[in-house]
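What follows is a set of notes on a single structure, which appears directly below.
All residue numbers refer to positions in the sequence shown, counting from 1. Side chains are part of it too, since the values below use all heavy atoms of this structure and drop only hydrogens, waters and symmetry mates. Order of listing sets the numbers, starting from 1, for every ligand and every atom in it.
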Amino acid sequence: MKTKIGVLVSGGGSNLQSIIDSCENGILKNLAEVAVVISNKADAFALERAKSHKITGIFIDRKKFADAVSYCNAIAAELKKYNIDFICLAGFLLKLEPVFIKEFSGKILNIHPALLPKFGGKGMYGHYVHEAVITAGEKESGATVHYVDEEYDHGKIIIQKKVSISNIDTPVSLAQKVLKVEHEIYQKAIKAAIEKEKK
Ligand code: GRF
């Protein structure tokens, strides 16, 4: 039986794409499948990506829920409908409530575009991360896939990969370099997490 993955997204979904591609033709082939994609943004391009691979993509509107807990419960209910084994956060910008994280403890993975524990935490997402790295004069950055626990960017690290930063790099060029590495390591981290579970 293939491991079923639910992917949570808010944006372009290039990491989602890398996971789908890996399930179809890469290291996750015969091992895993993306069973559902959930977005908190109606116009996330990630939903188009899901559709073009005949994967169910669902928009769940935060505004329709009174509070964050009921919103997370709605996401959890959808994931359960699809018998999800693992949840991959791939550019999902809303914070998941502790009740959600507890329910799926050890089953939620996130990718962060820096070398955690550096440049993580609240407010450290998207271009803010790369700007902070460049401003700090770092000589290297990279990407991290980790399990999600109740603290931002804190759970156990599964894989990290570095990229070097030259003195002509800008936050934009660094983001491109890091994104390439993200696509490479997310699938490897998923494979490692699945294999660990099967042991
Ligand atoms: C990635 O940089 C990821 O590390 C971060 O959000 C971005 C999502 O990009 N969490 P994409 O939507 O997968 O292209």
Side-chain angles (χ1 to χ4, degrees), residues 5-24 26 28 32 34 36-53 55 57-60 62 75 86-96 100-101 108-135 138 140-163 165 169-190 192-193:
I5 302 171
V7 185
L8 305 194
V9 296
S10 301
S14 68
N15 277 289
L16 166 69
Q17 188 70 56
S18 72
I19 296 168
I20 294 173
D21 292 345
S22 186
C23 290
E24 290 182 352
L28 296 176
V34 177
V36 64
V37 173
I38 297 176
S39 171
N40 68 313
K41 297 270 185 212
D43 59 354
F45 185 64
L47 289 174
E48 296 298 317
R49 295 185 191 266
K51 203 171 161 189
S52 60
H53 288 264
I55 296 167
I58 305 169
F59 161 53
I60 307 182
R62 171 68 181 82
I75 295 178
F86 279 99
I87 300 164
C88 292
L89 309 184
F92 184 68
L93 294 179
L94 291 186
K95 190 174 182 293
L96 292 166
F100 182 98
I101 293 167
I108 314 172
L109 275 56
N110 182 45
I111 186 146
H112 185 78
L115 296 173
L116 291 175
K118 283 173 117 180
F119 303 102
K122 201 166 164 42
M124 274 293 168
Y125 62 89
H127 64 98
Y128 296 110
V129 177
H130 305 297
E131 279 161 16
V133 170
I134 296 281
T135 304
E138 295 289 315
E140 56 186 23
S141 187
T144 306
V145 182
H146 63 96
Y147 288 105
V148 173
D149 67 9
E150 285 151 37
E151 265 176 73
Y152 264 119
D153 300 326
H154 173 266
K156 191 171 183 301
I157 291 171
I158 306 171
I159 295 190
Q160 265 185 331
K161 187 166 176 180
K162 291 177 181 172
V163 303
I165 302 175
D169 270 318
T170 63
V172 172
S173 67
L174 177 59
Q176 285 165 352
K177 278 189 196 174
V178 171
L179 198 58
K180 242 178 120 181
V181 163
E182 290 182 42
H183 299 160
E184 190 187 319
I185 67 168
Y186 212 164
Q187 48 179 320
K188 290 186 182 164
I190 293 168

Would you mind checking which non-hydrogen protein atom is closest to [atom], with the distance to 0.1 Å?
| atom | result |
| --- | --- |
| atom 12 (O) of ligand 1 | Gly13 N, 2.7 Å |
| atom 10 (N) of ligand 1 | Ile111 O, 3.1 Å |
| atom 9 (O) of ligand 1 | Asn15 ND2, 3.9 Å |
| atom 6 (O) of ligand 1 | Gly91 CA, 3.4 Å |
| atom 11 (P) of ligand 1 | Ser14 N, 3.4 Å |

Could you measure the distance from the [atom1] atom of [X] to the [atom2] atom of [Y]? Nearest 0.5 Å is fine.
| X | Y | atom1 | atom2 | result |
| --- | --- | --- | --- | --- |
| Leu16 | Arg49 | CG | CZ | 7.0 Å |
| Asn110 | Asp149 | CG | CG | 10.5 Å |
| Gln17 | Glu24 | CD | CD | 8.0 Å |

- Message: Under a 4.0 angstrom heavy-atom cut-off, which atoms of ligand 1 come close to Gly12?
- Response: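 In order of number, 12 (O).
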- Task: Answer yes or no: is there a side-chain heavy-atom contact under 4.5 Å between Phe92 and Ile87?
- Result: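 Result no, sub-4.5 Å side-chain heavy-atom pair not found.
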- Closest heavy-atom pair and its distance - Ala193, Tyr147: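 Smallest interatomic distance, heavy atoms only, reads CB-OH, 3.6 Å.
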Are any of the N/O atoms in [X] less than 3.5 Å from those in ligand 1?
| X | result |
| --- | --- |
| Gly11 | no |
| Glu182 | yes |
| Leu16 | no |

- Message: Would you say NZ of Lys162 has more than 12 non-hydrogen atoms from neighbouring residues, nucleotides or ligands within 6.0 angstrom?
- Response: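 Open: at most 12 neighbouring heavy atoms sit under 6.0 Å from NZ of Lys162.
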- Item | Between Ser14 and His183: side-chain donor-acceptor atoms closer than 3.5 Å |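 The criterion, which ignores hydrogens and geometry beyond distance, is satisfied for His183 and Ser14.
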